[in-house]
Amino acid sequence: MVTRLLAHRMLFVVGAILLVLAMLSACGEPLRERSIEIIATEMRFDPDRVEAHTGEQIFLRLRNRGQVAHSLTIELPAGDRTVSADPGVDAILAFRAPAPGEYRFYCRIPGHEAQQGVLVVLP
C-alpha cells in the first residue's frame with residue numbers, strides 16, 4: 001500500500017515537472033532587440049546601409065544633425081513607417097524586422113529625394 005502511494009506521488013511529481021517544461025518550451029525564444037542609429041544631415045543618411053535579422057524588434061533612432069527638418073520612411077511589407085525630426089532632435093521608430101530582403105528607407109521631404117538608404121534583413 002505504501003509503495004503504491006509512493007509510486008502515485010512520483011508519477012504526479014514527474015507529470016507536473018513535464019507539464020511545466022512543456023509550457024516553458026512553448027513560450028519560445030525570447031524577443032531579440034536591435035538598436036540602430038542613423039544620422040541625418042543635408043541630403044544623406046549615415047550609415048545608408050544597416051542590417052538586422054528577421055524577427056528582431058528594431059528601435060531605429062533618427063538623429064537629425066542637419067540644419068533643416070528630415071524624415072525617415074521605411075518601406076515594409078506591412079506598410080510604410082515614418083518618423084520626422086527637426087534640427088537637433090532625435091526620433092525613434094520601432095518595428096519588427098520582416099522577412100529576409102532589402103527594404104528602402106528615404107527622406108519624404110520634397111527636394112530630399114537623394115537622401116536614402118537600405119535596411120538589409122538577414123535570416
Side-chain angles (χ1 to χ4, degrees):
M1 181 78 167
V2 173
T3 306
R4 184 186 259 177
L5 184 58
L6 236 122
H8 282 110
R9 280 191 181 168
M10 282 293 275
L11 280 174
F12 176 78
V13 169
V14 169
I17 290 172
L18 289 175
L19 179 63
V20 168
L21 289 174
M23 289 170 53
L24 288 175
S25 68
C27 293
E29 197 174 303
L31 182 63
R32 296 173 302 178
E33 296 180 355
R34 180 176 304 263
S35 294
I36 298 172
E37 182 176 286
I38 296 177
I39 298 172
T41 56
E42 273 49 74
M43 303 319 123
R44 69 177 297 205
F45 287 122
D46 184 30
D48 62 0
R49 182 182 189 280
V50 292
E51 294 182 353
H53 292 276
T54 298
E56 286 181 324
Q57 179 66 40
I58 305 297
F59 296 97
L60 192 151
R61 178 185 298 270
L62 173 66
R63 301 182 71 112
N64 186 349
R65 297 304 173 252
Q67 301 300 310
V68 298
H70 290 287
S71 70
L72 187 145
T73 297
I74 185 162
E75 298 173 337
L76 297 170
D80 294 355
R81 303 285 307 273
T82 301
V83 292
S84 299
D86 289 328
V89 174
D90 294 354
I92 296 178
L93 180 62
F95 60 93
R96 179 80 53 101
E102 294 188 359
Y103 302 90
R104 179 174 87 108
F105 59 86
Y106 61 95
C107 183
R108 280 192 117 125
I109 296 178
H112 295 201
E113 290 79 17
Q115 189 175 0
Q116 53 185 297
V118 65
L119 166 67
V120 178
V121 178
L122 306 168

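On a predicted model such as this, the values are computed, not experimentally measured, just so you know.
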**Student:** Are the side chain of R81 and the backbone N or O of L72 linked by a donor-acceptor pair below 3.5 Å?
**Tutor:**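 Not at all, since once roles are kept as given, no pair shorter than 3.5 Å links the two residues.
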**Student:** Are any non-hydrogen side-chain atoms of Y103 and V121 less than 4.5 angstrom apart?
**Tutor:** yes
**Student:** Indicate yes or no: at least one non-hydrogen side-chain atom of L31 is less than 4.5 angstrom from one of R96.
**Tutor:**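 With C-beta onward as the side chain, the pair touches.
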**Student:** Any sub-3.5 Å donor-acceptor pair from Q67's side-chain atoms to P87's backbone N or O?
**Tutor:** no
**Student:** Supply the members, apart from V120, of the Ile/Leu/Val/Met/Phe/Trp/Tyr cluster built from side-chain contacts under 4.5 Å; use none for a lone residue.
**Tutor:**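 V118, L122, all in the cluster of V120.
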**Student:** Evaluate side chain to side chain contact (heavy atoms under 4.5 Å, CB included) for Q57 paired with R34, printing each intermediate quantity in order.
**Tutor:** CA-CA 6 Å; Q57 179 66 40; R34 180 176 304 263; over 6 Å; no
**Student:** Would you say V50 and I74 are hydrophobically clustered, going by side-chain heavy atoms of ILVMFWY under 4.5 Å?
**Tutor:**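 Yes; tracing contacts between hydrophobic side chains, which count when under 4.5 Å, links both residues.
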**Student:** Could you tell me which non-hydrogen atom of S84 sits nearest to which non-hydrogen atom of A91, and how far apart they are?
**Tutor:**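 Distance-wise, the nearest heavy atoms are O-CB, 3.5 Å.
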**Student:** Any side-chain to backbone donor/acceptor pair from S71 onto R108? Under 3.5 Å, distance only.
**Tutor:** yes
**Student:** Please find the pair of heavy atoms, one from L76 and one from D80, that lie closest to each other, and give the distance.
**Tutor:**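 Here L76 and D80 meet closest at N-OD1, 4.2 Å.
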**Student:** Taking salt bridge (charged side-chain N to carboxylate O under 4.0 Å, His left out) as the definition, give me every residue that meets it alongside R104, ordered by chain and number, with sequence neighbours left out.
**Tutor:** E75
**Student:** Let me confirm one number: the CZ-SG distance from R44 to C107, rounded to the nearest 0.5 Å.
**Tutor:** 14.0 Å
**Student:** List the steps, then state whether side chain to side chain contact (heavy atoms under 4.5 Å, CB included) holds for L60 with F105.
**Tutor:** CA-CA 11 Å; L60 192 151; F105 59 86; 5.8 Å; no
**Student:** Evaluate side chain to side chain contact (heavy atoms under 4.5 Å, CB included) for R63 paired with E37, printing each intermediate quantity in order.
**Tutor:** CA-CA 7 Å; R63 301 182 71 112; E37 182 176 286; 3.1 Å; yes
**Student:** Search all heavy atoms of P98 against all heavy atoms of T54 and return the closest pair with its distance.
**Tutor:** O-OG1, 3.2 Å
**Student:** For T73 and T82, does a side-chain donor sit closer than 3.5 Å to a side-chain acceptor?
**Tutor:**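 Short answer, yes.
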**Student:** To check you understand the geometry: which heavy-atom pair defines the closest contact between A52 and A97, and what is its length?
**Tutor:**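 A52 and A97 have their closest heavy atoms at CB-CB, 4.4 Å.
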**Student:** Can you get from I58 to L93 by hopping between Ile, Leu, Val, Met, Phe, Trp and Tyr side chains that sit under 4.5 Å apart?
**Tutor:**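 In one cluster with I58: L93, yes.
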**Student:** Determine which pairs satisfy ring pair (Phe, Tyr, Trp, His ring centres under 6.0 Å) with at least one residue from residues 53-97, sequence neighbours left out, and list them in order.
**Tutor:** H70-H112
**Student:** Is there a path of hydrophobic side-chain contacts, each under 4.5 Å between heavy atoms of I, L, V, M, F, W or Y residues, that connects V83 with I39?
**Tutor:** no
**Student:** Kindly determine whether D46 and I38 satisfy side chain to side chain contact (heavy atoms under 4.5 Å, CB included), including the steps that lead there.
**Tutor:** CA-CA 6 Å; D46 184 30; I38 296 177; over 6 Å; no
**Student:** Please name the pair of heavy atoms, one in E113 and one in Q116, separated by the smallest distance, quoted to 0.1 Å.
**Tutor:**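 That would be O-NE2, 3.1 Å.
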**Student:** Write down the atom of N64, the atom of D90, and the distance for their closest heavy-atom approach.
**Tutor:** N-OD1, 4.2 Å
